[in-house]
Amino acid sequence: MPTNAEIAATLTAIADLLDITGANAFKVNAYRKASRAAEAETQDLEALAVADPSVLRKIEGIGESIAAKIVELITTHRIAELERLRSEIPAGLIELLTLQGVGPKTVHLFWTKAGVTDLASLKQAIDSGALANVERMGAKTIENLRASIAARDAAGAQPTRFRLGQAVPIAESMLAVLRTTRGVRQAAFAGSARRGRETVGDLDLLVSCDDHAAVRQAFLSMPGIDRVLANGDTRCAAQLVGGMQVDLRIVDDSVFGAALLYFTGSKDHNVFLRERAINAQMRLNEYGLHQVPSDSDGPVGALVAAHSEESIYAALGLPWVPPERRELHGVDLEQPPMDLVEHHQVRAELHAHTTASDGSLTIHELASLAVSRGFHSLAITDHSKASAQANGLSVERLLRHIDAIRAAQADFPTLRLLAGSEVDILADGRLDYDDETLALLDVVVASPHASLRQEPSAATKRLLRAITHPLVHIIGHPTGRILLGRDGLAPDMHELTAAAAESGTALEVNCHWSRLDLRDTHVKMAVAAGALVAIDCDIHGAEDVDNLRYGVATARRGGLTRKSCVNTWEQSALLAWLKNKKSACALRSSR
DNA sequence: GCCGTTTTCGGCCCGACTGTTTTCAGTCG
């Protein structure tokens, strides 16, 4: 039973192999586009296909042929076409596609003209001088090839993607330098980081200025640059120590909006906008939206819009699309804009740890921090006893902690301090404190911390039990995944979000950039199910509050609106929700 | 291989940079 991710990976594998054979580039691109569509699909493709295979073709980018291949994969666990390609093409060639500056045409050349079948034989062909006899393989190209291989060898297991919360601070520190550079008007980061993707492959920086040379020099002389990959008048690229690539684009200030739009992407979003421009007799690129030139215009038609993103969307008959929503294309964008949750609307933190368990701040320090952020409510939710590694609280310690939280309230007149717990959801779905204890708390965040490799069906059952527990308000980091580290649980999110909506339990978007759990696609499911969502920083130290932006971005990517986000509610509404779940429980248990 | 307000064929986003070339192919985003 292939997952959507596995189907996507299979389609990408076909695309890679086709690429190397020199197949039609549009055909290759069709497989890549279908792969992206499969990955972005929130419905389970296998379930869709089993119910009605024709539904697959309703997904944009999946047509007759690819739909048939997906069905073939689901029913026979193989795709004959893929096996044929694999029998013809040495498996080691695919790895060569990942070398900087090496694409499918070059790999094809290596293979057919120099007998290269993998990285080892490529090295051999370089060292023996055999490669120098191949067309287009001049001294400079071979030198670059050596450098790419060396960079790869040195990197070893160096990551190819980086977590959002690690990439954004790097981008901002580089922008801070560029903003002080002579002639710079505007500077911003674009790309997948601006779209708030949970991981990014590289950084895209955009600068408008009067002095290109000064900006290029400032950029290329920054500390941490390991290797310069390109150095042109309007575009520079460099690899940082640690492997991250940074691209810099320099444009005139008058077209900053067009360039920002263009370099923010996503690729599919750009293609959609360009096609829309063409249909309206216009042409869109990073220098603006122009009329198609008439004979008297020369190469470029009259400018329609370029200064701001808003003006370009408007000229295309669309509302401005927030960067987090730019994975979308097609009819989704023609809907009226949603009231997406915004960073400044978050006024309550409902998941925070103190020195009582594994936090670094005291109750008072945490409360002061919340006040400084303008929050009206803060829940202190230290770990429960099963999280021994985090110094989880025994019932006796918890009782004393509740008293300490209530006592601290007097010192913070503008902040409502809530006594809570982040209680472990045990492997079978039981909670780590008994109901009598939980009933003493204002807020119960129930989270899975152990047994994170259990079967999906067991995980679903486990989490459902916690979601439907009347004393639980929030399910903390529901899957327990660690980005680029641990997959975590894979429960049936359709079941979970439906149950959450039914029981009034909120699902958490944990803002820490190593978690972002719920992930964007899960938020989308929660929104579709009508479930409540909490955006929480899971504060362990003062710096964690700054992660809120990543959680908000993830929530926005999933289409979360203010009214479904409990952290944005007025204090009275929040307290009523916290209390109502409890009284609902009392009612039920008294029957 | 996908797709359709020029719909079953003939397009498919477009520009910068690099290196190898004498005008362009390949890569990348």
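Chain naming here is simple, since letters A, B, ... match the order of the sequence lines and numbering starts at 1 in each.
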Distance-minimising heavy-atom pair for A:Arg557 and A:Arg195:
NH1-O, 3.0 Å

Go nucleotide by nucleotide along DNA chain B from the 5' end; which of A:Ile142 and A:Gly101 gets its closest nucleotide reached first?
A:Ile142

Nucleotide paired to B:dT8 in any strand shown, Watson-Crick or G-U, under 3.5 Å
none

Work out how far the C1' atom of B:dC17 is from that of B:dG4, and round it to whole angstrom.
35 Å

With rounding to whole Å, what would you report as the distance between B:dA16 and B:dG11 at their P atoms?
25 Å

Rounded to whole angstrom units, what separation is found between the CZ atom of A:Arg235 and the P atom of B:dC28?
10 Å

Within the structure, does a side-chain N or O atom of A:Gln245 lie under 4.0 Å from either OP1 or OP2 of B:dC28?
no

Base of B:dG29 paired with side chain of A:Tyr262 (donor-acceptor, under 3.5 Å):
yes

Heavy atoms under 4.0 Å, any strand shown: does A:Ala68 hit a base, just sugar-phosphate, or nothing?
nothing

Would you kindly give the NE2-to-C1' distance between A:His212 and B:dC17, to the nearest whole Å?
15 Å

Taking B:dT18 as the reference, what is the distance to B:dT7 when you measure between their C1' atoms (whole Å, please)?
41 Å

A:Asp204 bridged to A:Arg249 by N-O distance under 4.0 Å
no

B:dT23 and B:dC12, which share atom name P, separated by this distance in whole Å:
26 Å

Can you tell me the distance, in whole Å, between the CD1 atom of A:Ile59 and the C1' atom of B:dG1?
16 Å

Taken to the nearest whole Å, CZ/A:Phe263 to P/B:dC28 is 17 Å

B:dG10 versus B:dG29 - spacing of their P atoms, nearest Å:
34 Å

Mind checking the P distance from B:dG15 to B:dT22? Whole angstroms is fine.
24 Å

What is the nucleic acid contact for A:Asn29, judged by heavy atoms within less than 4.0 Å: base, sugar-phosphate only, or nothing?
nothing

Would you give the length of the straight line joining atom CG of A:Leu96 to atom NE2 of A:His108, rounded to the nearest 0.5 angstrom?
14.0 Å

What is the distance, rounded to the nearest whole Å, between atom CZ of A:Arg227 and atom P of B:dT18?
13 Å

It should be established whether A:Asn285 places a side-chain nitrogen or oxygen under 4.0 Å from OP1 or OP2 of nucleotide B:dG15.
yes

Please check the phosphate of B:dT5 (OP1 and OP2 only) for any side-chain N or O of A:Asn279 closer than 4.0 Å.
no

Roughly how far apart, to the nearest Å, are B:dA25 and B:dT20 at atom P?
16 Å

Do A:Thr264 and A:Arg194 have side-chain atoms, one donor and one acceptor, less than 3.5 Å apart?
yes

Output the rounded distance in Å from CZ (A:Arg32) to C1' (B:dC2).
16 Å

Most 5' of A:Asp202 and A:Gly232 on DNA chain B, judged by nearest nucleotide
A:Gly232

A:Phe272 and A:His269 aromatic ring geometry - parallel, tilted or perpendicular at 30°/60° bounds:
tilted

Using only side-chain N and O atoms of A:Thr234, determine if any of them is under 4.0 Å from OP1 or OP2 of B:dC17.
yes

I'd like to know if A:Arg146 and A:Asp127 make a salt bridge, using a cut-off of under 4.0 Å between side-chain N and carboxylate O.
yes

Can you tell me, in whole Å, how much space there is between the P of B:dC3 and that of B:dT8?
16 Å

